[in-house]
Amino acid sequence: MPELPEVETTRRGIAPLVEGRTIERVIVREPRLRWPVPPGLGTELAGQQVKSLTRRAKYLLFGLERGTLLVHLGMSGNLRVLPADTPPRVHDHVDLVLDSGKCLRLNDPRRFGCLLWTADDPLAHPLLSSLAPEPLSAEFSAEYLARRMRGRSVAIKQLLMNARVVVGVGNIYASEALFHAGVRPTRAAGRLTRREIDALVAAVRRVLRAAIRAGGTTLRDYVNADGKPGYFRQKLYVYERSGQPCRICRTPIRHLAQGQRSSYFCPTCQR
DNA sequence: ATGGGCACCTGGCTGC
DNA sequence: TGCAGCCAGGTGCCCA
């Protein structure tokens with residue numbers, strides 16, 4: 001589900017409601033997430049104030065007085081701030097009960113998400129330590145990408161989704177960015193021209209920024225912190241549009257599978 | 001090092 | 001109506 005824009009939308013939505021609040025207690029209804037919720041989490045978090053809420057890749061980092069809470073939403077997770085007495089629904093796995101009378105509630109049907117705590121520098125955590133640059137940072141430049149693509153035979157779409165090359169770009173925005181750059185998803189990464197790499201870096205940035213502005217993309221079950229869907233779906237050019245006319249040239253959008261993931265492209269606009 | 005495939009899970013849709 | 005099969009915003013790990 002959530003790629004960078006959806007995680008960032010979630011962060012912006014919940015930050016004003018959690019920053020400065022104290023966690024009174026933690027309710028774990030289902031600890032079996034991608035990694036088990038640590039058994040001592042409640043003891044660790046109770047009484048701690050949330051100092052900051054930041055994002056690294058698709059992880060949310062809750063900076064506490066002591067240590068950091070790491071949350072990943074996996075494919076189907078969402079976080080909402082609700083009145084603490086709201087009856088839990090199916091797949092409401094964890095609540096952080098706040099001193100505001102509200103709770104931060106994690107819902108995740110597929111349980112591919114995770115909720116972990118670390119006492120140390122969160123960026124040194126094994127799950128975060130080898131992550132690539134943020135796509136919206138200056139570090140993600142055409143020079144950088146060109147260097148990382150050189151000699152690689154892997155398809156450009158799969159490389160874009162590799163978190164050791166650039167983070168935050170998932171299945172939707174990889175297809176969309178490649179459309180806007182005019183590059184077919186199947187091209188070998190190492191064969192792109194410098195002009196195409198320039199276009200691709202710009203397209204990744206543009207698509208992610210526009211999606212954040214629209215509150216993310218809701219395909220099925222993504223909702224933001226207010227329980228509302230994102231509106232970027234209406235601005236998708238190729239994703240889940242196979243057979244429909246290209247918004248630029250009317251050629252039917254094509255679908256194919258790459259590494260067990262669906263890709264979409266316009267055979268006319270993308271070369 | 002690189003690339004490919006599988007695994008983890010639930011739910012919704014399709015087609016027989 | 002029932003059920004099998006397939007697909008879905010991610011990503012760590014194992015193998016060649």
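Note: hydrogens, waters and symmetry copies are ignored here, and every other heavy atom, side chains too, is used. Letters go in sequence order (proteins before strands), and every chain restarts at 1.
- Between the CG atom of A/Leu131 and the P atom of C/dT11 there is a distance of 9 Å, given to the nearest Å.
- Within residues 103-125 of chain A, the residues approached by DNA chain C to less than 4.0 Å at the level of any non-hydrogen atom are A/Arg110, A/Phe112, in residue-number order.
- Remark: DNA chain B takes part in the stems B:2-8 with C:10-16, B:10-16 with C:2-8, each of 3 or more antiparallel Watson-Crick or G-U pairs, criterion distances under 3.5 Å.
- Inter-residue side-chain proximity for A/Phe62 and A/Leu104 is flagged as met; some heavy-atom pair is nearer than 4.5 Å.
- When the P atom of C/dG10 is taken as reference, atom CG of A/Leu127 falls 16 Å away, rounded to whole Å.
- Annotation: side-chain hydrogen bond (donor to acceptor under 3.5 Å, both in side chains) contacts of A/Thr268 (sequence neighbours excluded): A/Thr251.
- Considering only side-chain atoms of A/Trp35, the nucleotide from C/dG10, C/dG12, C/dA8 that sits closest is C/dG12.
- In the model, A/Ser76 has a side-chain atom that pairs as donor or acceptor with a side-chain atom of A/Asp108 under 3.5 Å.
- Residues of residues 141-157 of chain A that place a heavy atom closer than 4.0 Å to DNA chain B, in numerical order, are A/Arg152, A/Ser153, A/Val154.
- The existence of a salt bridge linking A/Glu8 and A/Arg12 is confirmed by a sub-4.0 Å separation between a basic side-chain nitrogen and an acidic carboxylate oxygen.
- A salt bridge is absent between A/Asp95 and A/Arg25; no separation between the charged side-chain nitrogens and carboxylate oxygens falls under 4.0 Å.
- No contact: A/Phe232 has no heavy atom under 4.0 Å from any strand.
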- Yes or no on side chain to side chain donor-acceptor pair (under 3.5 Å) for A/Gln49 and A/Thr22, after CA distance, side-chain angles and deciding distance? CA-CA 4 Å; A/Gln49 190 183 44; A/Thr22 296; 4.7 Å; no

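- Remark: A/Tyr59 pairs with A/His72 by the ring-ring contact (aromatic ring centres under 6.0 Å, His included) rule, at least two apart or across chains.
- We find that CG of A/Asn171 is positioned 8 Å from P of C/dA8, with the value rounded to whole Å.
- Atom CG of A/Leu33 is separated from atom C1' of C/dG12 by 16 Å (rounded to the nearest Å).
- Between A/Lys58 atom NZ and C/dG12 atom C1' the separation is 13 Å, expressed in whole Å.
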- Task: Could you please spell out the steps behind the side chain to side chain donor-acceptor pair (under 3.5 Å) verdict for A/His255 and A/Ser262?
- Result: CA-CA 7 Å; A/His255 169 271; A/Ser262 280; 2.7 Å; yes

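- Judged by distance alone, the side chain of A/Tyr144 and the main-chain N or O of A/Val165 form a donor-acceptor pair under 3.5 Å.
- Rounded to a whole Å, the OH atom of A/Tyr222 is 15 Å from the C1' atom of C/dG10.
- At a threshold of 4.0 Å, the pair A/Arg55-A/Glu134 counts as salt-bridged, since one of the basic side-chain nitrogens sits closer than that to a carboxylate oxygen.
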- Do A/Val81 and A/Asp226 pass the side chain to side chain contact (heavy atoms under 4.5 Å, CB included) test, and can you show the C-alpha distance, the side-chain angles, and the key distance before you say yes or no? CA-CA 8 Å; A/Val81 176; A/Asp226 301 323; over 6 Å; no

- Task: Go through A/Asp221 and A/Val223 one step at a time and tell me if the side chain to side chain contact (heavy atoms under 4.5 Å, CB included) criterion holds.
- Result: CA-CA 6 Å; A/Asp221 45 16; A/Val223 290; over 6 Å; no

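- Reading DNA chain B from its 5' end, the first and the last nucleotide to sit under 4.0 Å from a heavy atom of chain A are B/dT2 to B/dG11.
- Side-chain N/O atoms of A/His72 include none lying less than 4.0 angstrom from OP1 or OP2 on C/dG10.
- No engagement by A/Gln158 is indicated, since no non-hydrogen atom pair under 4.0 Å with the nucleic acid exists.
- For the pair A/Thr218 (side chain) and A/Gly230 (backbone), a donor-acceptor distance under 3.5 Å is present.
- Between the side chain of A/Gln270 and the backbone N or O of A/Pro267, no donor-acceptor pair lies under 3.5 Å.
- The CD-P distance, from A/Gln260 to C/dG5, rounds to 19 Å in whole Å.
- At C/dA8, none of the side-chain N or O atoms of A/Arg261 fall inside 4.0 Å of OP1 or OP2 (strictly under the cut-off).
- Between C/dC7 and B/dG5, the distance separating the two P atoms is 15 Å to the nearest Å.
- Per the geometry, CG belonging to A/Asn78 stands 15 Å off P belonging to C/dG10, to the nearest Å.
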